[in-house]
Amino acid sequence: MDRVVSFLKEAKVYYLATTDGDQPRVRPFGTAHVFEGKLYIQTGKVKNVSKELMANGKAEICAMNGGEWIRISGTFVEDDRLEARESMLEAYPELQRMYKADDGNTQVFYIKDAVATISSFTKAPEVITF
C-alpha cells in the first residue's frame, strides 16, 4: 500500500468516481492518509459525495503522475470514530480552516478490498491489493 499512497501524494490531485443512481459523478480530491493500516480519504457530510458513498460504497479513484496512472477500486467504508477524523486533520492541517474533528460534518472513509492498478504505455501493469 505504500506505493499506492506515495503515488497519490506525488500526483497531488486524484479523481474520485461515485454513482448517483445511474449517473456517474467524478470530482477532484487531495487527501490520502494511512490510519491503522488503512487508506483513508476525507469529505464533509453535507456534500453530495458523502451521500453517494453512503448509498453505494463502491467507488474508484484515478490519478496520473508523469507517464503513469493509477486506478483504485474498492468499497469505501465510513469510519465514524473521532480518532480517525483527528488523524486525518492532523495529517492535513490546511483542512482545519474548514473542518474540525467533532464538528458533525467531517467524515472519513477507508477503502476496503482495494485493488490498485498502476499502468503506463511502456510496461506491464502493476497490481496491488490491500
Less than 4.5 Å apart, side chain to side chain, heavy atoms only: is that true for Ile70 and Ile72? yes
Might you point out which heavy atoms bring Ser87 and Phe35 nearest each other, and give the distance in Å? OG-CD1, 3.3 Å
What do the steps show when you test Gln42 against Tyr99 for side chain to side chain contact (heavy atoms under 4.5 Å, CB included), and what is the final call? CA-CA 10 Å; Gln42 183 274 336; Tyr99 297 99; 3.5 Å; yes
Lys12, NZ: over 12 other non-hydrogen atoms inside 6.0 angstrom: no
So, the side chain of Tyr92 versus the backbone of Ala32: is there a donor-acceptor pair under 3.5 Å, distance only? yes
Pick out which of Asp103, Asp79, Asp80 makes a side chain to side chain donor-acceptor pair (under 3.5 Å) with Arg85. Asp80
Does any donor atom in the side chain of Glu52 or Thr18 lie under 3.5 Å from an acceptor atom in the other side chain? yes
Ile61 with Leu53, same ILVMFWY side-chain cluster at under 4.5 Å: yes
Quick check on the hydrophobic clustering: are Phe130 and Tyr110 connected, directly or via other members, by side-chain heavy-atom contacts under 4.5 Å? no
Looking at Lys38 and Lys112, would you say the former's side chain and the latter's main chain have a donor-acceptor pair under 3.5 Å? no
Whether the side chain of Tyr15 engages the backbone of Glu60 through a donor-acceptor N/O pair (distance < 3.5 Å, no angle test) should be reported. no
Shared hydrophobic cluster, Ile128 / Val5 (ILVMFWY, side-chain heavy atoms < 4.5 Å): yes
Could you give the distance from CZ (Arg97) to NZ (Lys100), rounded to the nearest 0.5 Å? 10.0 Å
Begin with the C-alpha distance, continue with both residues' side-chain angles, and end with the deciding distance and a verdict on ring pair (Phe, Tyr, Trp, His ring centres under 6.0 Å) for Phe7 and Trp69. CA-CA 9 Å; Phe7 192 105; Trp69 59 93; 9.5 Å; no
Determine whether Val49 and Leu16 make a side-chain contact, defined as any pair of heavy atoms from C-beta on separated by less than 4.5 Å. yes
Heavy-atom side-chain contact between Glu68 and Glu10 under 4.5 Å: no
Output, in order, the C-alpha distance, side-chain angles, deciding distance and verdict of side chain to side chain contact (heavy atoms under 4.5 Å, CB included) for Gln107 and Met54. CA-CA 11 Å; Gln107 186 175 38; Met54 293 301 290; 3.7 Å; yes
For the side chain of Asn105 and the backbone of Val46, is there at least one donor-acceptor N/O pair under 3.5 Å apart? yes
Side chains of Thr117 and Ser119: donor-acceptor distance under 3.5 Å anywhere? no
Side chain to side chain, Arg25 and Asn48, heavy atoms closer than 4.5 Å: no
Test side chain to side chain contact (heavy atoms under 4.5 Å, CB included) on Lys47 and Arg27 and set out the steps. CA-CA 12 Å; Lys47 295 182 177 182; Arg27 72 266 290 159; over 6 Å; no
What are the two closest heavy atoms between Ile111 and Gly74, and how far apart are they? CG2-CA, 4.1 Å
Can you check side chain to side chain contact (heavy atoms under 4.5 Å, CB included) on Phe29 and Leu8, steps first, answer last? CA-CA 10 Å; Phe29 266 72; Leu8 293 175; over 6 Å; no
Heavy atoms only: give me the nearest Ser50-Phe109 pair and the separation to one decimal. O-CZ, 4.5 Å
Does Lys45 have more than 12 heavy atoms from other residues, nucleotides or ligands lying within 6.0 Å of its NZ? yes
Nearest 0.5 Å please: distance from the OG1 atom of Thr31 over to the NZ atom of Lys9. 8.5 Å
With no hydrogens and no angle check, is any side-chain donor or acceptor of Gln96 less than 3.5 Å from a backbone partner on Leu89? yes
If you round to the nearest 0.5 Å, how far is CG of Leu39 from CE of Met1? 6.5 Å
Group every Ile, Leu, Val, Met, Phe, Trp and Tyr by side-chain heavy-atom contacts under 4.5 Å, then state whether Val108 and Met98 land in the same group. yes
Same cluster (ILVMFWY, side-chain, under 4.5 Å), Leu95 and Val34: no
